[in-house]
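Residue numbers count from 1 along this sequence. Remember, it's a predicted structure, so these values are computed and weren't measured experimentally. All heavy atoms count here, side chains included; hydrogens, waters and symmetry mates do not.
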Amino acid sequence: MSAGVSGSGALRAINQVFPEHIPDATDGQLLDWYAVPDGDRPWVRFNFVSSLDGAATYEGRAGGLGDVVDQHVFTLLRRQADVILVGAGTVRAEGYAGPLLSEEDLAWRAGRGLPAHPAIAVVSGSLDLDPAGGFFAQAPVRPVLLTSARAGAARRQALSEVADVIDVGTGSAEPARIVEALAGRGWHSIHSEGGPVLFGAFQAAGLVDELCLTLSPVLAGGTGKRIADGGPEQTLQGMELVHILESAGMLLLRYKAARPGS
């Protein structure tokens, strides 16, 4: 089956253009190209879509920038994950209610001895989430909430009824402790879908192993956020280009963190 579909729903090719030209990639090839490296240590992957002029959202949502090709690859990344990590702001903006994988994705995981659905972990220092909302009511697995010691006792108690609440910091949720908590549950392939504040925090902590970035062939204008919001200080982290995929002008880029000696 062809890996991509067009905005009208018809199948559309995704072509690898780097490191070599491979037209009309299959899902099997895409899964191989996006495979997480083997190893005992956790691997933290972030996935974002951006307009050509750097906007990370359109009308408040990242989904407005992608199309079905981007969404198709997006779901293949979720297939492989042990845990889907997301900030509370992204949950509020994008919904996240119900299963996050299709029946085909679930069958693929079952055929490889993986849990039927990846774990879902939400970072929220203040626990500003509605325990009666659709995210919790329709969750395919019991969510994990990663918070800080400053979260209010009443919110902690209410959310503990519908999720596992774990402290991973004193004043805020700390990336190193987030990774430690997830790895402690046996979740080493960490697939994060943002948002920008979470990505910025992981950048500052030096804990971004990989970035999968879709460049949508649109100009968004306005004052939309970038994919990272890390505060006023800037630091440069080297990244190595792994591959470039293309479909009707949309570019899907995969970068890995440059390590010493690479």
Side-chain angles (χ1 to χ4, degrees), residues 3 14 27-49 62-63 66 69-88 90-91 94-124 135 138-146 163-164 166 168 173 175-195 198-199 201-203 207-214 227 242-243 245 252-257:
I14 297 178
D27 281 0
Q29 287 173 313
L30 290 169
L31 288 163
D32 286 343
W33 295 340
Y34 282 105
V36 171
D38 292 331
D40 294 331
R41 80 172 192 82
W43 184 264
V44 181
R45 164 188 282 163
F46 277 84
N47 184 78
F48 282 95
V49 61
V69 165
D70 172 59
Q71 286 296 315
H72 185 79
V73 173
F74 185 59
T75 60
L76 293 181
L77 298 183
R78 283 178 169 177
R79 264 194 200 186
Q80 302 176 333
D82 292 329
V83 58
I84 296 170
L85 176 69
V86 65
T90 299
V91 169
E94 304 286 345
Y96 278 78
L100 302 181
L101 276 71
S102 68
E103 291 297 326
E104 181 182 356
D105 297 324
L106 299 178
W108 184 92
R109 290 176 62 86
R112 286 154 182 79
L114 298 172
H117 197 286
I120 304 171
V122 180
V123 180
S124 177
F135 171 72
Q138 301 173 39
V141 292
R142 184 175 172 87
V144 172
L145 300 183
L146 302 162
D164 294 344
I166 303 174
V168 289
R177 292 184 61 181
I178 291 172
V179 173
E180 180 182 10
L182 298 180
R185 292 186 167 220
W187 303 333
H188 289 83
S189 175
I190 302 170
H191 169 73
S192 181
E193 300 172 1
L198 185 63
F199 187 34
F202 269 74
Q203 283 186 46
L207 290 173
V208 177
D209 294 303
E210 178 179 338
L211 171 63
C212 296
L213 176 63
T214 297
I227 64 172
V242 178
H243 71 223
L245 310 180
L252 298 103
L253 313 175
R254 185 186 185 198
Y255 288 89
K256 291 182 182 178

Taking all atoms of both residues into account, what is the closest heavy-atom pair of [X] and [Y], and its distance?
{"X": "Ala201", "Y": "Pro175", "answer": "O-CG, 3.6 Å"}
{"X": "Leu31", "Y": "Leu76", "answer": "CD2-O, 3.8 Å"}
{"X": "Gly87", "Y": "Val122", "answer": "C-CG1, 4.1 Å"}
{"X": "Leu207", "Y": "Val44", "answer": "O-CB, 3.4 Å"}
{"X": "Val141", "Y": "Ala119", "answer": "CG2-CA, 4.1 Å"}
{"X": "Leu146", "Y": "Ala181", "answer": "CD2-CB, 4.3 Å"}

Could you list all the salt bridge (charged side-chain N to carboxylate O under 4.0 Å, His left out) pairs where at least one residue sits in residues 34-48, not counting sequence neighbours? Arg41-Asp209, Arg45-Glu210
Here the salt bridge (charged side-chain N to carboxylate O under 4.0 Å, His left out) pairs for residues 105-118, sequence neighbours left out, are Arg79-Asp105
Quick one: list whatever passes side-chain contact (heavy atoms from CB on, under 4.5 Å) with [X], sequence neighbours left out.
{"X": "Gln71", "value": "Phe74"}
{"X": "Ala173", "value": "Val123, Val168, Ile178"}
{"X": "Ala163", "value": "Phe136, Pro143, Leu145"}

Apply the test side chain to side chain contact (heavy atoms under 4.5 Å, CB included) to residues Trp108 and Leu114: give CA-CA distance (whole Å), side-chain angles for both, the deciding distance (0.1 Å), then the verdict. CA-CA 9 Å; Trp108 184 92; Leu114 298 172; 4.0 Å; yes
With sequence neighbours excluded, what pairs up with Phe202 under the ring pair (Phe, Tyr, Trp, His ring centres under 6.0 Å) test? Phe46
Could you list the residues that satisfy ring pair (Phe, Tyr, Trp, His ring centres under 6.0 Å) with His243, not counting sequence neighbours? Tyr34
Tell me, with the steps shown, if Asp82 and Val36 meet side chain to side chain contact (heavy atoms under 4.5 Å, CB included). CA-CA 11 Å; Asp82 292 329; Val36 171; over 6 Å; no
How far does [atom1] of [X] sit from [atom2] of [Y], to the nearest 0.5 angstrom?
{"X": "Leu85", "Y": "Asn47", "atom1": "CG", "atom2": "CG", "answer": "12.5 Å"}
{"X": "Ile84", "Y": "Leu101", "atom1": "CD1", "atom2": "CG", "answer": "6.0 Å"}
{"X": "Arg254", "Y": "Leu211", "atom1": "CZ", "atom2": "CG", "answer": "11.0 Å"}
{"X": "Leu252", "Y": "Leu213", "atom1": "CG", "atom2": "CG", "answer": "9.0 Å"}

Considering only heavy atoms from C-beta outward, does the side chain of [X] approach that of [Y] to under 4.5 Å?
{"X": "Leu30", "Y": "Leu245", "answer": "yes"}
{"X": "Leu77", "Y": "Cys212", "answer": "yes"}
{"X": "Pro118", "Y": "Leu100", "answer": "no"}

Which pairs with one or both residues in residues 182-194 pass side chain to side chain donor-acceptor pair (under 3.5 Å), sequence neighbours excluded? Arg78-Glu193, Tyr96-Glu193, Asp164-Arg185, His191-Glu193
Does the pair Thr214 and Val69 meet the rule for a side chain to side chain contact (heavy atoms under 4.5 Å, CB included), with working shown? CA-CA 10 Å; Thr214 297; Val69 165; over 6 Å; no
